[in-house]
There are 2 protein chains.
Amino acid sequence: MQMDERKQKILRAIVQDYIATAEPVGSRTIARKFNLGVSPATIRNEMADLEELGFIEQPHTSAGRIPSDAGYRYYVDCLMDTPKLSTEDKNLIEIETAKRISEIEEVISHTAKLLSQLTSLTSIVMGPQKGRSPFGQMYFLPYQPGQAIMVVVKENGAVENHIVDIGNHVTAEELQQVATVFNNKLKGYSLAQVKKTLLHEIYSELTKQRHLLDNALSMLGAVLDDDRNEEKVYLGGTLNMLNQPEFRDFDKVKNLFRAFEEDGRLKKLLYPTQEGVSVTIGGENKLEEFQDCSVISATYRLNGEVIGSIGVLGPTRMDYAKSMGIVDFMTRSLTDLLTKGRKRT
Amino acid sequence: MQMDERKQKILRAIVQDYIATAEPVGSRTIARKFNLGVSPATIRNEMADLEELGFIEQPHTSAGRIPSDAGYRYYVDCLMDTPKLSTEDKNLIEIETAKRISEIEEVISHTAKLLSQLTSLTSIVMGPQKGRSPFGQMYFLPYQPGQAIMVVVKENGAVENHIVDIGNHVTAEELQQVATVFNNKLKGYSLAQVKKTLLHEIYSELTKQRHLLDNALSMLGAVLDDDRNEEKVYLGGTLNMLNQPEFRDFDKVKNLFRAFEEDGRLKKLLYPTQEGVSVTIGGENKLEEFQDCSVISATYRLNGEVIGSIGVLGPTRMDYAKSMGIVDFMTRSLTDLLTKGRKRT
DNA sequence: GTTAGCACTCTCGTTTGATGAGTGCTAACA
DNA sequence: TGTTAGCACTCATCAAACGAGAGTGCTAAC
């Protein structure tokens, strides 16, 4: 059996109506709402075919049909109007991104909020992976007696500070020596690389200043073991899930929210599979607790390099066209924003 | 009518049984479970009195009784066994706080997690109010051309960095001048005070270096307007609320979780009303969305000064004795931990 | 190939009735 | 006078029964 044009029209009608109403859609409804010029009976015949093809299914006899995962997939790939976002949304995004927020973290979390607002779904935004950015420069500043502020500047421009114990007998000059060693050895290496390969070089270099060694190593450890080197995940609009009729079930909600609390899971959802906007529908998802969710995601860039991704999570019954349009546009404007922000340098 | 000893015993029995089972408790149940040496009929008579006194109420005729807010209050104030925590819990807290975590933010968020684990309730922890801590010292470090890293050290030891635009023609010496002005003028003043009173002084001081003025002011603005100067609120175990039978209602959950997203509301809940552990029961709470919740909170200190508070939120039917014990012990160990941590200076 | 008609299925909301827990009242009892 | 047993009454809860409505699949006619 083949998909002909009428079958496509009917499938599109089913998907669109189900997305809008969340109710199984029957042959009569289609005949009434969508002008296909055929009677309900004909539609019923076609629907039986579509069911055989695996694109739609019946929750129970005598209910209408709902799209299967395969049905949504076919819809997204072949039937959907090209994703386009309303000028309203476009304007809103432009107004919001025009508010120049300097700190990168705020840009990201702001993005998450905006994304969930626009889509009425839950947004997931993955921030830049700090640990991956190469080491740039290190400074020491006076703090309390016996402690110093270590300021580390990464090559991507991120700045972090840590308070380190240095012992009371360490002078400013000695600190400066340590900083110099670090700056020479580490410049341009990612912290992950440092951990693996360069640690012993530094170790041997610093044996010359024996009394600083232990402290220097522990300082480094403080940076390397910092969990926050992991890319951070921002969520927005988690409550929107409660508005979806498919999540009127307490156990589902509990599992979902539990999953929301584990960054690791969320990261897997967003892992970029391709260029541009990617769509993962229902069971295509590897993670059990998101089997009846769909994810639309895309990556954003800084200076041409992919540094993170954004996405929305919703029930499989979501407005794919609208969401894809918004996610697409948001990554573009986020990339622009970051690039422009950097350009100021 | 007066409370006599038997009435007290019965009220205590009702509260305890209801806390344990979440079911309205009847006269027969009390006679069976608690050995009061009287028949159900007698208990019924007493219960009628207790109802008249406003300590218990009936959800409907022919159901058992449940404690009213006033009943819980009487229980907490007069009937409850003194809050005592199990040695298990005590050990767990001690093991957990022994893991020396250096960053204050992590200590706080770790506290929130632990608190919710121990109580099976939702924990709310209010971090120190950064903005309140007086300004201490300021440094500038080189960054990109035209930008510098401004490192601000507060008197409480907090370190923050901000990237500021300085214009291409500003030299390191000029930056140093600005830092000196700021350090002299602001040392020891809270940022809030600075905003109100000292801004124009700095302004007039800096007119001498006209070309730095605008940038200097915007730098200051960046620090002063920083939202993160607000005390941050950490939540733990929000999902625990879903396990409470009183929150098996979707609208309630939605309202509750919506409230969780607004830091302002949560802060009001924790606002310290007295020394030591304070208990707010149901309707005693001013905030509408928490009318059927109780809050147990206490403040923690750094060097004798109250800098934040922790608390747990649960249904009015919660184990007050246990929760109060845990909250009390946690504030103490948190205060110890912070004080010890600081002592290292 | 399309459509009308019809019997059939299944969900959903309502009704009904039985069950059981719990009360309040009264009268008997110590 | 306080306590208890007995009893009628109330009300939520659960399950079964039922009707209405929506939708299908099949058949026969167009």
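Convention: sequence-line order gives letters A, B, ...; per-chain numbering from 1.
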Would you say D:dT24 has OP1 or OP2 under 4.0 Å from some side-chain N or O of A:Arg28? no

Distance check, rounded to the nearest 0.5 Å: B:Thr122 atom OG1 versus B:Leu115 atom CG? 10.0 Å

Under 4.0 Å between a side-chain N/O of A:Thr61 and OP1 or OP2 of C:dC10, yes or no? yes

Would you name the heavy atoms of A:Leu242 and B:Val253 that are closest together and state the gap between them? CD1-CG1, 4.3 Å

From the options D:dT24, C:dG24, D:dC11, select the nucleotide whose nearest atom is closest to the side chain of A:Met47. D:dT24

Inspect the contact between A:Asp89 and A:Lys322 and indicate whether a charged nitrogen and a carboxylate oxygen are less than 4.0 angstrom apart. no

Rounded to whole Å, CD of A:Glu23 lies from P of D:dG23 at a distance of 9 Å

I'd like to know if the side chain of A:Ser68 and the backbone of A:Gly54 have a donor-acceptor N/O pair within less than 3.5 Å. yes

Note, B:Val15 side chain near B:Leu79 side chain (heavy atom, < 4.5 Å): no

Just N and O in the side chain of B:Ser27: are any of them under 4.0 Å from OP1 or OP2 of C:dT23? yes

Once you round it to whole Å, what is the distance between P of D:dA22 and CD of A:Gln58? 17 Å

Check: A:Gln58 side chain, A:Ala63 main-chain N or O, donor-acceptor pair, under 3.5 Å: yes

Kindly give the atom pairs (protein nitrogen or oxygen, nucleotide nitrogen or oxygen) under 3.5 Å for nucleotides 3-7 of chain D.
{"residue": "D:dT3", "atom": "OP1", "partner": "B:Arg6", "partner atom": "NH1", "Å": "2.7"}
{"residue": "D:dT3", "atom": "OP2", "partner": "B:Arg6", "partner atom": "NH2", "Å": "2.9"}
{"residue": "D:dT4", "atom": "OP2", "partner": "B:Ser39", "partner atom": "N", "Å": "3.1"}
{"residue": "D:dT4", "atom": "OP2", "partner": "B:Thr42", "partner atom": "OG1", "Å": "2.4"}
{"residue": "D:dG6", "atom": "O6", "partner": "B:Arg44", "partner atom": "NH2", "Å": "3.3"}

Test of ring centre spacing under 6.0 Å for B:Tyr75 and B:Tyr72: no

B:His60 has an atom NE2; how far is it from atom C1' of D:dC11, in whole Å? 6 Å

Closest of D:dG25, C:dG24, C:dT11 to the A:Glu51 side chain is D:dG25

The helix from C:dG1-D:dC30 to C:dA30-D:dT1: angle between terminal helix axes, five bp per end, to the nearest 10 degrees, reads 10°

Atom CZ of A:Arg65 to atom P of C:dT11: distance rounded to whole Å? 15 Å

Length of the line joining B:Ile14:CD1 and C:dT23:P, which is rounded to integer Å: 9 Å

Take atom CG of B:Asp49 and atom P of C:dT23, then tell me their distance rounded to the nearest Å. 14 Å

Has the side chain of A:Glu57 got a donor or acceptor atom that lies under 3.5 Å from a matching backbone atom of A:Ile66? no

Shortest non-hydrogen pair, A:Leu121 vs A:Leu313, comes out as CB-O, 3.4 Å

Tell me: CG of B:Asp4 to P of D:dT1, nearest whole Å? 17 Å

Without decimals, in angstroms, what is the distance between A:Leu50 CG and D:dG25 P? 12 Å

